[in-house]
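Report on the structure given below.
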Amino acid sequence: MPDNGTAAALDSPEVRRYNRTRRWLGIAELLVGFALLLVLLITGWTDSLRDIAYGGASQSYALAVFLYMLMLLALSKMVGLGLDYYGFQLEHRYQLSNQKLGGWIWDEVKGFLLTAVLGSALVELLYFIIREFPEHWWVIAWAGFLGVAVLLAQLAPVVLFPIFYKFEPLQDEQLKKRLVWLSERAGTHIRGVYKWHLSEKSKKANAALTGLGNTRRIILADTLLDNYSPDEIEAVLAHELGHHVHKHILKSIGVQAAVTFVGFWAANWTLHYAINRWHIFETLSDFANLPLFVLTFTVLSFLLMPALNALSRFHERQADRYAFKNIADIVPFVSSMNKLADQNLAERQPSRWVEWWFHSHPAIARRVAAAQAWGKSNAG
Ligand SMILES: [Zn+2]
């Protein structure tokens, strides 16, 4: 593998600047969220919010939870809005976005409403379980959240994604034939391939495997379908099919289940510690402790980021190898990777630690090198 000496030649200063800025934006978003939760807890403002919620709810617990959650979400949106807008501008600065300001604001509104509906339903469920089962709440809540995660994974492509993007079944007969052929060779079958109208918002290209069971599908961005050769699109399809054949979505849910189990256990421990040692809350069911609950999960997911990304990169390498084996020629795979890197301003060769901590996909230079090595060893 070339090291940093040749990295400079692979990625232009512009590409490196764009990716560095995006990384810092992500870190800033995390820190702002983290700081907000800490401030609410340390200053006791979370108690004031709870009292306001109770006042507005005429002392109804469930309604108060809802109002508290709404205030918390509104607060975190206000605090994070500047960074959101910076992200919107950043894509424009690098000519990567087709989205107008009005469309962006509308997406922000829809995103907020969706978070409010889903978030408040989950928090209501959480505090209902805490009140009913104060001893074993964390195991029961974990099981409940797992069920919700599976349901959301299934509903995402038919209910959640269409809130933000248009999708339609792929019309291209040639491409459909290729997919059928690919999946027959794999001894599997995919319910559908959908065209994802990404170009209304972005100039970037993308593809993904989504859904569970009867909603399982491959989505291909129109920005990819319009600019890539049929052989290149087939290489991308073969990669996504690799995720399907290797059951990566199910495996990811399994890993999430393990992580959230630890998360709920840690949250139970932290909440008890806050009640018994710090005396900042009187009971578990005092929903003013929600910031501490969220904080526990935030810290855990930050600490586990390198491990989860390593697993994701392992899955990506598996899907790539699946593609190498099932396409006639490695050349279109390599050219599709290079096109994706150019179109998305992706770093071909990020530094080792950046890849290790932040990247869910192996660096493009590595994926291309693996493809070429595979091509060589299987030539003739
Ligand atoms: Zn992939």
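Each ligand, and each atom within it, is numbered from 1 in the order the structure gives. Nothing here was measured: the structure is a model prediction, and the numbers come from that model.
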Only counting residues at least two apart or in another chain, list the ones meeting side chain to side chain donor-acceptor pair (under 3.5 Å) with Thr260.
Trp142
Can an N, O or S atom be found in His315 less than 2.8 Å away from the Zn ion (ligand 1)?
no
Atom name in Glu316, limited to N/O/S, at shortest distance from the Zn ion (ligand 1)
OE1
So which of the N, O or S atoms of His243 lies nearest the Zn ion (ligand 1)?
NE2
Output, in order, the C-alpha distance, side-chain angles, deciding distance and verdict of side-chain hydrogen bond (donor to acceptor under 3.5 Å, both in side chains) for Asn309 and Glu355.
CA-CA 9 Å; Asn309 276 334; Glu355 186 182 0; over 6 Å; no
Residue pairs, two or more places apart or on separate chains, that pass side chain to side chain donor-acceptor pair (under 3.5 Å) and touch residues 99-119
Lys77-Glu108, Gln99-Asp107, Asp107-Lys201
Looking at Val193, Asp172, Leu170, which one forms a side-chain contact (heavy atoms from CB on, under 4.5 Å) with Leu179?
Val193
